[in-house]
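Notes follow the structure.
So that the names make sense, note that chain A is the first sequence line, chain B the second, and so on, each numbered from 1.
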2 protein chains.
Amino acid sequence: MGYSIGQVAKKTGLTAHTLRYYQKEGLLPFLQKSSSGLRVFSDNDLGWLGLIECLKETGMPLKDIRQYIDWYLEGDSTLSLRLDMFKNQKNRVEEQIRQFQKHLEKIEYKIALYEEAVKEGSLDKAVANPRMQALKNGLSQTDNAK
Amino acid sequence: MGYSIGQVAKKTGLTAHTLRYYQKEGLLPFLQKSSSGLRVFSDNDLGWLGLIECLKETGMPLKDIRQYIDWYLEGDSTLSLRLDMFKNQKNRVEEQIRQFQKHLEKIEYKIALYEEAVKEGSLDKAVANPRMQALKNGLSQTDNAK
DNA sequence: ATTTAACTTGGAGCTAACTCTAATTTTTTG
DNA sequence: CAAAAAATTAGAGTTAGCTCCAAGTTAAAT
């Protein structure tokens, strides 16, 4: 029912150093210690780590995650602040997915171009190829309009 | 035909500081200066900035972008290295999109939960609601299996 | 022509998120 | 029980990517 810091490190891919750092930053407010001073992680702590990972990987800074946790500890008076936070984060994630898909198109164009270039042995030849120019024109460019 | 650093800052959303920093880091190898020492950005430089943005926003560190540019400057002998780089980056972006979609599900569950909690005035009540528990069980959890 | 705005440089400073050190203690293993 | 592995702390150090400063130069606007 309890995990050592090393077991949690293995499970999460974080280092023990990072886990201690997260606790110091207030991200693991329920983490307990044994009588001899060793950290004992519960499944609930793992749940918090899962949420932290989700928010961190979608670009939320640790201090904002900390803010959320502080609101959580404050209780039901902060429910709507927390709801707003998740709604904002949802919008950010959706926007990022859209951006990533656009970036992916650009990278796929580069792959097509370089595959042609490797075949021809020359980037200039690949760029001059009408098929490549057609592909490039099909790209949804970042809006650089004057 | 040429843009000042300030114009490019406005266009790209980067600061003039950042643009100088990028040049110092070798990311703008073709950027010219006027006879009096002012930077003059061409459309080609803007193109490079567009690629830098694409790679940076998809998580590539500047030093790897620099590596790519160095390969570009080396000429056609590095074509396949560059192709591999773009292929790897494509895989990373696809993986990130998958992760984001999983994270999005989790955030959407939190939104549903907190909407219920705000309505009830209590997070505990929302958590106890069977509809919420069903939703939670439907989530594709990060694999925490022992 | 003057003022104001934009640009130049080298180098220092900053923030986020770790990452490591060293000395000590606890736990596990043979 | 002895040795090795894993844990503890406070605090220092690192890295990436900016961000700013000061003193001076150039360009634009009135």
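- If you take NZ of B/Lys24 and C1' of D/dC20, they are 11 Å apart, rounded to a whole angstrom.
- Between A/Leu55 and A/Gln89 there is a side-chain heavy-atom pair separated by less than 4.5 Å.
- Contact check for A/Leu28 versus A/Phe41: side-chain heavy atoms found under the 4.5 Å cut-off.
- DNA chain D is contacted by A/Lys33, A/Gly37, A/Leu38, A/Arg39 of residues 33-41 of chain A, taking any non-hydrogen atom closer than 4.0 Å.
- A/Leu27 has its CG atom 9 Å from the P atom of C/dA17, to the nearest Å.
- For B/Lys56, taking side-chain heavy atoms from C-beta onward, the closest of the listed nucleotides C/dC7, D/dG11, D/dC18 is D/dC18.
- Comparing D/dA7, D/dC18, C/dT19 against the side chain of A/Ile5 picks out D/dA7 as the nearest.
- Residue B/Tyr21 has its side chain nearest to D/dG17 when only C/dC7, D/dG17, C/dC18 are considered.
- When the C1' atom of C/dC18 is taken as reference, atom NZ of A/Lys63 falls 17 Å away, rounded to whole Å.
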With side chain to side chain donor-acceptor pair (under 3.5 Å) as the criterion, how do B/Lys56 and B/Tyr22 come out once you've worked through the C-alpha distance, each side chain's angles and the decisive distance to 0.1 Å? CA-CA 12 Å; B/Lys56 189 189 61 166; B/Tyr22 281 2; 3.2 Å; yes
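- Atom CD in A/Gln7 sits about 12 Å away from atom C1' in D/dA7, given to the nearest Å.
- Note on A/Tyr22: every side-chain N or O is 4.0 Å or more away from OP1 and OP2 of C/dA17.
- Between A/Pro61 and B/Gly6, the one whose closest nucleotide on DNA chain C sits nearer the 5' end is B/Gly6.
- Residue B/Arg20 places its side chain closer to C/dT8 than to any other of D/dC18, C/dG11, C/dT8.
- Two rings, from A/Tyr72 and A/Trp48, have their centers less than 6.0 Å apart.
- Looking only at distances, a side-chain donor or acceptor of B/Asp76 sits under 3.5 Å from a matching main-chain atom of A/Leu123.
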Taking it one step at a time, do A/Lys90 and B/Glu108 satisfy salt bridge (Lys or Arg N to Asp or Glu O under 4.0 Å)? CA-CA 7 Å; A/Lys90 175 181 168 172; B/Glu108 283 166 346; 3.4 Å; yes
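- Taking atom CD of residue A/Glu53 and atom P of nucleotide C/dA17, one finds them 15 Å apart after rounding to whole Å.
- Transitive grouping of hydrophobic side chains (ILVMFWY, heavy atoms separated by less than 4.5 Å) brings B/Ile107 and B/Tyr109 into a common cluster.
- Within the 4.0 angstrom heavy-atom criterion, no nucleotide atom of any strand lies near A/Thr15.
- With rounding to whole Å, B/Gln23 atom CD is found 16 Å from D/dC18 atom C1'.
- With rounding to whole Å, A/Tyr3 atom OH is found 19 Å from D/dA6 atom C1'.
- Going from atom CD of B/Glu57 over to atom C1' of D/dG17 covers 14 Å, rounded to whole Å.
- Residue order along DNA chain D, read from the 5' end via each residue's closest nucleotide, puts B/Leu62 first among B/His17 and B/Leu62.
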